[in-house]
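To start, the structure under review is shown below, and the notes come after it.
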Amino acid sequence: MIELTETTSSAIASEFVKARRRAGSPAMGMVMTLVFVVDEADAAETMKAARTASREHPARVLGVILGNGRGQSRVDAQVGIGSGWTGETAFIRLSGEVTKHPESVVLPLLLPDSPVVVWWPSKAPDNPAEDPLGRLARRRITDAAAVPRNKARAMLTQCRAYAPGNTDLAWTRITTWRALLAAALDQNPGKVVAASVTAERISPSADLLSAWLSDRLRVDVDRKSSDGPGITSVVLETKRGPVSIVREDGKLATLSTPGDPDRPVALKRRGIDELLAEELRRLDPDDVYAATVKKMVKLNAKGTSVRTKKATA
Amino acid sequence: MSSIHYTSPDGTQFVNPLRDPQDRRLPKIAGPCGLVIFGVTGDLSRKKLMPAVYDLANRGLLPPGFSLVGFARRDWEDQDFAQIVHDSVREHARTEFREEVWQQLAEGFRFVSGDFNDDLAFDNLRQTILDLDRVRGTGGNHAFYLSIPPRFFSDVIGQLKEHGLANPAEDSWRRVVVEKPFGSNLETARELNAIISDVFPSESVFRIDHYLGKETVQNILAMRFANAMFEPIWNSNYVDHVQITMAEDIGIGGRAGYYDGIGAARDVIQNHLIQLMALIAMEEPTAFDAKSLRLEKQKVLESVVLPRRLDLTTARGQYTEGWAGGVNVPGYKQEQDIPQNSRTETFAAITLHIESRRWAGVPFYIRTGKRLGRRVTEVAVVFKRAPHLPFGDTATEELTQNALVIRVQPDEGITMRFGSKVPGTAMEIRDVSMDFAYGGSFTESSPEAYERLILDVLLGEPPLFPRHEEVELSWKILDPIVEYWEKHGKPDTYEAGTWGPASADRMLARDGRVWRRP
């Protein structure tokens, strides 16, 4: 990695070219530009996840690390290729006034004519699609479960601000649950008359899962609390009896269906790198997510009004 | 893709509301089922099959309650079998080892000991399967993987039939997987097919050619039919010839018993090089399902003709002692158990023509061999020279023909060769190669060939692998060549670690062409 201090976008861009020459001009075959935006505290962790994901999706990775917003504007960067990354990488540290204009640094560094993905690993703008950086992207990835405070509210904020191309890792986390539930219902065809989701009290993923089930099955979904980790059980009541998936330890689940022996099934909580890799596999808007967040907003509006009524009564 | 429909007894249809064609994140998970592996102690089973089963489980693609039954002539208990699987997974699995995944899988391991002609053992197998249906809920769905030499097929398939293992109960399935070779000529291929099709309907038979994984096939199809820039030049107006190469740097190793008498052409050309040729040469299928693909491939294979003079258009060789990759290696006849008078070829090169408007006049040169320069499988489409070069002769002296190379192994990707000006004041044009690699292809996140195959079998997806019609057609192409070789002379020799016998170079020189060095 080459260190550039007090630099500019064009110096970073020319360093990309030099780094490639130094490595003997290898073919890169990059398919997208991945931009992530973090604080210094989360930078190391985020880079690790992005590096693993880049193995499946060769990309130009631009890590924008926002420093102190006060003082003189300053751009520092580390630029390089190789060493575990499949594409080009630049970590760009911003401080001073330029922290309010990161898009001006990123724009000249986007790969020509290929998709751009922006990922906010922890704090995200309330409306990613209107964010100056988010506007550059075709895919905007947030993570409501990773914000420091009030995750449930963060999820709801993202749901309300949904625009095509937005997605949240809380949604990605439940793909395995959804797949297993769909497969279980394939095997036990019949109308589902009630459903429940049990999870940690605060779990954006569990809220999304409830909304998805409620939207698809057209039933009220009972959201119960447990000590976790994460989601601990989902029960679908059918006429023949309950179809349930119970996972107490965050690793191994038990599938119970009417008339069959209980079956164990591995259902691991996945790492950020795997979630990110799944997210990058498709870059078009996720319609099912769109329907789910719409439902979630609707359910919440109802829920809030009920609670408000109680409070005033 | 449409939703899955069920018809209940009262005639109303159930549509799984959790399935949505738009929901492309959801992977397909097979319904309850089990896999029975015959020849479970073999190399393939230990290095490929068992790790693939674990990897699938790790990716969450196996159904809950999945069961694995091993069948072999060993005096083992279930635990001993589990230990063998454990070791092979530890050594060969591509994904990380996780205790809970292992635990889930290991509960479903069973071992049945016995010979392939042992009625008691097959009774035992039947009991085991029934038992699994009860305890693990496999629902009567079982796939039989025959990882055994073809001479045992009829025994095992006969036993499966006799013990009622081959016919599924209502609402369940039984499937069978067989590996190449699919016979050693047209006649034996037909016999083999007769044995299998007598017991299993053709949609329940899965033939695997692991060299040509589904991923590769789909990559080729995507490259050819999803792009606009290749198709217009994909014909005899622009293509000069096509070279298909599969080279191995290893010798025959411990496979003398199988290899001697079979040879390179039957071992490799019949199945996967001819398949590769079909994929490169076929017309666009009407849809990307197994049936339409098969139709197009079949059309290509049916229009293949051999040159009249097989002596001038084919070549074969046998490797002799030599230095390969810095190691002194023995010649073919010095390998263990190879008779001194063996005439088996370890290198084969043939010329095929496809009689169609698209390909008339474009020869397809196909070659394969053991102990060649390096391990590589590729298809090179070599284009005609530009009809007119507005440069001086000296400027284009080092410019050869443009080529598009589809690399299959070891680093899957595409190479384009074209001319480019050498920087400087002099006008000089030289070949450059531009490489593209399928980035994700070799990371752990992409399932490898065996995983895809096992998943297809469990899901019942019609495989992209050849059905018996294609197998028979490719034998029809190859049989006359092999028969000609048997009647005429013996293989030339080539030193181990080189690119084959001189006769192969002469074969192309007659047409005014040269082999690529892959």
Side-chain angles (χ1 to χ4, degrees), chain A residues 26-31 52-59 86-87 171-172 175-176 178-187 189-192 212-213 215-218 236 245 249 251-255 257 259-268 274 277-278 281-282 284 286-289 291, chain B residues 4-8 12-32 57-66 98-105 107-108 133-139 413-415 433-446:
Chain A
M28 306 295 279
M30 290 179 285
V31 294
T52 316
S54 83
R55 271 182 227 151
E56 189 178 326
H57 307 282
T86 55
W171 171 247
T172 325
T175 301
T176 46
R178 296 193 305 119
L180 208 53
L181 286 165
L185 214 54
D186 278 342
Q187 297 306 321
K191 187 170 165 39
V192 176
W212 177 66
L213 286 172
D215 184 51
R216 303 299 308 179
L217 299 172
R218 315 239 168 261
L236 308 179
I245 300 173
D249 61 355
K251 290 175 182 165
L252 189 67
T254 307
L255 169 70
T257 52
D260 292 319
D262 283 0
R263 288 175 285 211
V265 54
L267 193 62
K268 183 188 66 151
E274 284 175 73
E278 176 186 319
R281 246 164 251 158
R282 310 221 178 271
D284 53 336
D286 184 339
D287 298 339
V288 179
Y289 178 64
Chain B
I4 300 176
H5 296 269
Y6 299 88
T7 310
S8 63
T12 53
Q13 255 195 357
F14 173 75
V15 179
N16 185 348
L18 297 185
R19 292 251 181 238
D20 180 346
Q22 293 292 330
D23 200 345
R24 293 173 307 169
R25 284 176 195 257
L26 294 195
K28 286 189 195 158
I29 303 179
N58 209 352
R59 298 180 206 281
L61 297 175
L62 286 187
F66 176 82
R98 300 208 328 257
E99 197 53 44
E100 73 275 9
V101 175
W102 174 252
Q103 195 186 326
Q104 168 211 354
L105 260 184
E107 282 177 27
D133 289 346
R134 203 164 38 78
V135 185
R136 300 273 292 175
T138 40
I414 293 167
T415 301
S433 283
M434 185 167 75
D435 276 324
F436 159 76
Y438 286 101
S441 301
F442 289 90
T443 63
E444 70 167 39
S445 17
S446 72

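Chain letters run A, B, ... following the sequence lines, proteins first and then strands; every chain starts at 1.
Within 6.0 Å of NZ in A:K251 there are 12 or fewer heavy atoms belonging to other residues, nucleotides or ligands.
Between chain B and the options A:T176, A:D262, A:D286, the largest number of non-hydrogen pairs under 4.5 Å is found for A:D286. Looking only at heavy-atom pairs under 4.5 Å with chain B, the residue among A:A183, A:G87, A:A291, A:P261 that has the most is A:P261.
Residue B:V101 touches chain A through both its backbone and its side chain, counting heavy-atom pairs closer than 4.5 Å. Only the backbone of A:K191 has a heavy atom closer than 4.5 Å to any heavy atom of chain B. For a residue to count as touching a neighbouring chain, one of its non-hydrogen atoms must lie under 4.5 Å from one of that chain's; by this rule A:D287 touches chain B with the side chain only. Proximity to chain A (any heavy atom under 4.5 Å) is restricted, for B:Q103, to the side chain, taken from C-beta onward. With a 4.5 Å cut-off on non-hydrogen atoms, B:R134 touches chain A through its backbone but not through its side chain. Using a 4.5 Å cut-off between heavy atoms, A:V265 contacts chain B through both its backbone and its side chain. At a 4.5 Å heavy-atom cutoff, the contact between A:T172 and chain B is made by backbone and side-chain atoms alike.
Expressed to the nearest 0.5 Å, how far CG of A:L267 lies from CD of B:Q104 amounts to 9.5 Å. In this structure, B:E107 CD and A:R263 CZ are separated by 13.0 Å, a value rounded to the nearest 0.5 Å. For the atom pair CG (B:L18) and CG (A:L236), the distance works out to 6.5 Å, reported to the nearest 0.5 Å. Annotation: the span from A:L181 atom CG to B:N16 atom CG amounts to 10.0 Å, rounded to 0.5 Å.
Residues A:R216 and B:R19 share a closest heavy-atom pair of NH2-O, 3.4 Å. Shown here for B:L26 and A:A179, the closest heavy-atom pair between the two residues is CD2-N, 3.6 Å. Of all the heavy atoms in B:E100 and A:L252, the pair that sits closest is O-CD1, 3.6 Å.
Taking A:D284 as the reference, B:R24 meet the salt bridge (Lys or Arg N to Asp or Glu O under 4.0 Å) condition, with sequence neighbours excluded. Annotation: salt bridge (Lys or Arg N to Asp or Glu O under 4.0 Å) contacts of A:R282 (sequence neighbours excluded): none.
Using a 4.0 Å cut-off between a side-chain N of Lys or Arg and a carboxylate O of Asp or Glu, B:R25 and A:E278 qualify as a salt bridge.
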